[in-house]
Every structure is written in structure tokens, then in C-alpha cells.
Number of protein chains: 2
Amino acid sequence: MASTIQDVAKAAGVSAATVSRVFNGGRVTAERAERVRRAAAELGFAPNRVARSLRTQRASVIGLLIPDIENPFFTAMARGVEDAAQQTNLSVVLCNTDEDVDKERRYLEVALAEQMAGVIVAAASRERTDLSLLEARGMPVVAVDRRPRGSNVDVVLVDNAHGSEDATAHMLARGYRRIACITGPQGASTSEERLAGYRTAIGDFLRAHPDRAGEYPVDPVTEWTRFADFKVEGGHKAMADLLARPERPDAVFVANNLMAVGALRALREAGLNAPEFGILSFGEVPWAPMVSPSLTTVQLPSYDLGWTAASLLQDRMSGKDRPLQTVVLRTALQVRDSTSGPGA
Amino acid sequence: MASTIQDVAKAAGVSAATVSRVFNGGRVTAERAERVRRAAAELGFAPNRVARSLRTQRASVIGLLIPDIENPFFTAMARGVEDAAQQTNLSVVLCNTDEDVDKERRYLEVALAEQMAGVIVAAASRERTDLSLLEARGMPVVAVDRRPRGSNVDVVLVDNAHGSEDATAHMLARGYRRIACITGPQGASTSEERLAGYRTAIGDFLRAHPDRAGEYPVDPVTEWTRFADFKVEGGHKAMADLLARPERPDAVFVANNLMAVGALRALREAGLNAPEFGILSFGEVPWAPMVSPSLTTVQLPSYDLGWTAASLLQDRMSGKDRPLQTVVLRTALQVRDSTSGPGA
DNA sequence: TTGAAAGCGCTAACAA
DNA sequence: TTGTTAGCGCTTTCAA
């Protein structure tokens, strides 16, 4: 059906090897190259990548494994990967692992069987994702967003601690003082890192203003911290709980976007509004600019995460034997109206 | 590096053909099959899919081309495709065409070169997307959401007209009378179909209540219709324009989710609120339940669109030679608070 | 039921 | 610079 390199060779009166050279940048005289190109165009020839992969033992496809294709954070990341890959004519195969380690393992096996050129993986689990199979076979791998335990691969991460510190410092600068924190589950690295950033900022402030200590409960960084589940309902419950305390906070730093939605609802139910009560979401909310007041957020470098991972992967694929890298990307604070200050 | 079928054959003391039969359901005595399986497990053997594809001339990968991976409508569709494909052990390669016909064409060529088993495409353009290359080579193709002009492929579409008619009828039933419509660009099939549904519902109502005609401008279905661009700003401008008219509407049917966001803002700026002023969005808005009042929407069958397309594709792939199908899937009205009625 | 052998379409080593 | 040749790993006749 489709024409092969042999057909083109015959039509152009040259050997298959010459046709191959024309398509792969080998040395061919201009005149013959032209003849080949014309014949190829006439026959609608396009090299069969399957045969090429089999012969060269490498594909021009990279696999991208993400836990949730419906999460904008990951789709933006996928765009970054795609754009970077396109520069070297790599195609990207997107695999949705659904936060399921088994499904993820199956896709990893597919990547091996398909001889993919490399794999970028946002691990379904830091504990249980196992990249050793790929490593054993020498397949280039880059982990992104989460670093799977015990794996020897390049990693690209978000600087959660700095982002949280900046965000909290911003709220302090805008005049909020009694800032609470709703973070994710205890033990999850992202929760812990974001909480740590918040604590650093509060600690720094208290050290700079020792006179202020009297305004706070015994230990604000623990009294006003709640561990939730990164989901809407968890954020709602945590916020309601914080508001019920005798020393009520005047602002809240929420460690992810879904919990921020829940916290917003709890505030509204308590008759509180931003910016009198400050609220800031770690992680973009698509409709952040549309709610009123618009929501201040920490923007995650999702696109760049993908772009960077793809670049690292291509380095590895080209056989550069440099030591393993961990790249940490910074977040960006998007100041909007929900943190204008308690008196604004 | 990775072990081949030959390695397994040697280890099990059989021929490569026998190993192949074990993995593909050929006739092999139980005892030898067992030996082969053991050897394969020991060597960590998994058949090389590239070689298999080259030999059999077909792959176990299908391509899914979508215009915008960051649009929840398409990611939900992708989930549907993926889930359906998984049932027959097909992998899905997701390609983001970015509403760009050239990029789309490149991906279509990749699909051919990679010998993919089939392609599902949400066309970047109804006019300019060209599937004839694939058709010429006999590759199974299903078009989804949009029917590219001049192509002979199975199609899965959304029933825009019925969905809009239902939605408009719902608003009428809730007591809104002066219902405006903001639709997409003139000429786009989705705009026209949604507008047509709105007109049908209004027309039916007026025919059933001829006494009401006096309450309306000369021709409500044209006076209160605005063509916008399916974007936030377009919706905002159209709504503001409608509100400036002497015969002000008391509700609006908005033909997509982004324009609904713009329309909401225009309403708020004019001091109008739902449900006194009714508003309904065609197409789900992720935060529809979270705004107050919660937004009534028409839910598109995005997941099922994908699932159905994948099923049709698999029929085609298995060589069933049935006539071309067009499947039209119905929408579902999600009634929330923004259309409780003008007196609610 | 089994194995030997051919060949899918391509590239790369080698020889000319 | 060009062509010849071998072979990537698999499946599928064909003959035994």
C-alpha cells in the first residue's frame, strides 16, 4: 500500500542506501538527491518509522507518564514537554496513570516493549513507583514533580519551600499578622515543604519583631497549622476549625488550590471576606482572576517543569554521560486582590 | 541488553517459532509451553513490539489528535478513549494539535509513519483538516466532535441542537420570558446548531402562547441574539450590549462556558444577579457549583464521545466492513441555582 | 505439533 | 560518493 524505500530507489534509479542517505543527511550528490526527492514526493513516500526503530534500536517517541490528565497542572506540564520535544522532532506519547501504581507499571513496560527513546514520569507514588526496570535496561528516564524513592534518575522539582516562604512573607508585608496555614497530609513531601516555607517566614518575622509575640497564641506555627488532604472538603473543614478557635487568625495560607476552594467557602459561610481576611492559594486556580475578590496565588512552573524535564531527557538520550541532576524550579507569586491587606 | 525471542528459545530448548506461538496463542503442548514461560520469566523477556509491528504491519497503538490538551472537554474525551482502548490492550498516543492545521498534518503523517493501528481526530478545522491521506492508505479513522468536510469516516458528534433546545425550554419553564442568546461565531457549526436549538424552543413557546407576542421586541430571536467568539471577552461584550437595549432581556442562554464567564461578569457589573436574571451555560464550567449562585449548565458527553469513538475505531480496525456511521450523543442539563426563576 | 527459513523496511558497515 | 550486503526481532508459511 504505502511505498517503501525500495520503490523510491527504483523510481529514482539509485540504491535504497542512497535514498536512506537523502533522508538522513548522508553525503549524496545534489543531482541525485534531487532525483530522489522528486521520486519520493511523487510516490508519497514517508520513511517507515517502525522499520527504522527496529534497525536503529531506538524510537523517535518519548513517553510521558502523568497521574491525572484532567489536572491542569499536568496538562500544562505536558505542553512543556511537547514543545521541547518538537524541537528535535520527537513525538510525545502521553500515558495517564490515574495515580495507580499498577497501571503505571504497565505503561512502563509498554515503554520498554515499544523501545521508546526515553520516559518522563511524574510518579504515581513516591514510595512504590519502581523505575529500576528501565534503569536496568539503560533507558533514559527523568522524574518530574516527585522523586521516586531509591531511583537513580534526573529529577525536576518545584521549589515548594521558597514559594511558600515568599507567599507568607507577602502576606506579612501586606499587614496580616495572625496567618494560619492549611497544608496537605503529614508525610507527603509537598505538604511538608510548603509548611516548612510558611514556618520559615513566620519565624523570621517573629525574630525581627520580638515585641509582637504577645499578640499570638503560645505557638502560632503549630496552633494555627492544620493538616488536611489536598481536597476541597478537607480545606473547608480545616478552615472552619481554624475559625472556631478563640485566637482567630486574620489570614490563611492554603497549600493547594482545591483546599483553597474549600477554605473560601468556609470563609463565606462565616461571613468573612477577603481581603479583610487574607487568603492565598499555593497553586493556580483557573478561575482565580474571576472570583471577586480575585485570588492571590502562587503559580507553579508547570510548563517549565515539562520543558526542563524534556531537555534533560534529550541530553541523556544523546548519550552525554554527566552526573545525575536535580533541578529545582522557582514558583511565581501572582498578587491579586485577596491579599490587599486587612485594612484595604 | 533486553532478551529476545531467540534467547528464550535457546534457554527453553525450543525454536523461536514455538516461543512466538506461546505468546500469541498458537498450538503448543502444555509441557513445552510451560518450559517456555519459565524461561521467559527468568530472562525478563517481553516481546519487542517494534519488531512485531514491522512483521505484522500493524501496531497496538492508536493516535488521538485533539486541538487543545488544556481544555477539560478534550481531556475528558481522552479519558474515554483511553478507557475504551485499554479493554483491548491498545495504547493511546495523545497528540496536541493546538488548533493548528499544519501541526495536525504533521501528526497525521507521524501516525502513518508509525503504522498506528488507527486514529481518532477532533479536527483542528472543519474546512481545512484533510484526512484523505489516511483514507487513501486504508488507515481506520474516526472523527469526533467535528466532522471534517469531504471526509469519508465514522463521526461522533454532540447533539448541540437538542441540548440547546432543552436548555432554553427549561428556562422558559422556570418563568423566564425575555431570554437572550449569546452564541459563537457565525458560520461555525457548533454556534449555528446551538442557536438553532434556542430558536426552536423560543419559536415553540411563542406558537403555544400567541398572546405573549406583545411583550417582545419585533423579533426576539434576532433582536436578542449576539454572535461572539466563544471567548471570555466576547461574552462580556455581548452581554453588556444586550443589557443596554431598551427591551432588556430577563435571562440569557450562553452557547459556551468561556463566554458564560464573561457574561456573568457583565451581569455583576450591571448590578444584576441570578437567579432574578437567569443565566445558563452550554458546556460545563469546572467551578460552576462553587460560584454563588451555582450555575446551571448543559453537560457535554465528552467522556462518552471519546469512548464511543474508540469503540467505532476498534470495529473498523477489526475489519468489519459496515457502512459509515454518524453517532450523535445527547447532552444532559445540570440544573442548579442560576435558573431558579425570576421570582425565586 | 514443531522447526527451518523467509522477510517486514530500514540503516550501517564495508567494498568499490 | 555509491551500491551491496547483512541483519534488527518478530511472525508466518511450509514441510516434516
Side-chain angles (χ1 to χ4, degrees), chain A residues 1-37 39-40 43-61 89 109-110 112-117 137-139 319, chain B residues 1-37 39-40 43-61 109-117 137-138:
Chain A
M1 195 103 211
S3 54
T4 75
I5 205 171
Q6 300 289 352
D7 302 335
V8 178
K10 201 171 297 175
V14 299
S15 74
T18 299
V19 178
S20 173
R21 287 185 190 109
V22 170
F23 279 88
N24 294 289
R27 317 206 155 287
V28 181
T29 44
E31 184 263 335
R32 308 186 78 148
E34 185 44 38
R35 235 161 61 211
V36 167
R37 257 187 285 273
L43 293 169
F45 168 78
N48 180 327
R49 293 200 190 195
V50 177
R52 169 183 283 167
S53 291
L54 180 58
R55 176 63 233 235
T56 60
Q57 303 286 48
R58 61 196 143 73
S60 48
V61 171
N89 276 315
E109 286 165 6
V110 168
L112 275 175
E114 295 275 4
Q115 316 269 83
M116 286 181 191
R137 300 245 214 138
M139 176 168 288
Chain B
M1 194 103 213
S3 54
T4 73
I5 206 171
Q6 300 289 350
D7 302 334
V8 177
K10 202 172 295 175
V14 299
S15 73
T18 301
V19 179
S20 172
R21 287 184 190 111
V22 170
F23 279 87
N24 295 288
R27 314 204 157 287
V28 182
T29 43
E31 185 264 335
R32 309 184 75 140
E34 184 46 35
R35 235 161 61 212
V36 167
R37 257 187 286 273
L43 293 169
F45 168 79
N48 180 326
R49 292 200 193 194
V50 177
R52 169 181 283 166
S53 291
L54 179 59
R55 179 61 233 239
T56 60
Q57 303 286 47
R58 62 196 143 73
S60 49
V61 171
E109 285 164 7
V110 168
L112 275 174
E114 295 274 6
Q115 316 268 83
M116 286 181 190
R137 299 243 215 139

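Each chain gets a letter, A, B and so on, in the order its sequence line appears, and its residues count up from 1.
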>> Apply side-chain contact (heavy atoms from CB on, under 4.5 Å) to residues A:E114 and A:V61 and explain how you reach the verdict.
In response: CA-CA 9 Å; A:E114 295 275 4; A:V61 171; over 6 Å; no
>> Can you list everything that forms a side chain to side chain contact (heavy atoms under 4.5 Å, CB included) with A:Q57? Sequence neighbours excluded, please.
In response: A:Q115
> Which residues satisfy the salt bridge (charged side-chain N to carboxylate O under 4.0 Å, His left out) test with A:R55, sequence neighbours excluded?
Replying inline: none
>> Once side chain to side chain donor-acceptor pair (under 3.5 Å) is applied, do any residues pair with B:T18, and if so which ones, sequence neighbours excluded?
In response: B:S15
>> Counting primed atoms plus P, OP1 and OP2 as sugar-phosphate and everything else as base, spell out the protein contacts along nucleotides 8-16 of chain D at 4.0 Å heavy-atom distance: B, S or - for each nucleotide, 5' to 3'.
In response: BBBBBB---
>> Run the salt bridge (charged side-chain N to carboxylate O under 4.0 Å, His left out) test against A:R35 and tell me which residues pass, sequence neighbours left out.
In response: A:E31
> A:T29 side chain N/O closer than 4.0 Å to the phosphate oxygens (OP1, OP2) of D:dT1?
Replying inline: no
>> If I take atom CZ from residue B:R58 and atom OG1 from residue B:T56, how far apart are they, to the nearest 0.5 angstrom?
In response: 4.5 Å
> Does anyone know the first and last nucleotide of DNA chain C in reach of chain A, 5' to 3', at under 4.0 angstrom to a heavy atom?
Replying inline: C:dG9 to C:dA13
> How large an angle, rounded to 10°, do the end axes of the helix from C:dT1-D:dA16 to C:dA16-D:dT1 enclose when each is built from five base pairs?
Replying inline: 40°
>> Under the rule for side chain to side chain contact (heavy atoms under 4.5 Å, CB included), what residues qualify as partners of B:A33, not counting sequence neighbours?
In response: B:V22, B:V28, B:R37
> Looking at residues at least two apart in the chain, or sitting in another chain, which of them share a salt bridge (charged side-chain N to carboxylate O under 4.0 Å, His left out) with B:R52?
Replying inline: none
> Mind checking what makes side chain to side chain donor-acceptor pair (under 3.5 Å) contact with A:R32, not counting sequence neighbours?
Replying inline: none
>> Suppose we screen for side chain to side chain contact (heavy atoms under 4.5 Å, CB included). Which residues come up paired with A:A113, at least two apart in sequence or across chains?
In response: B:R49
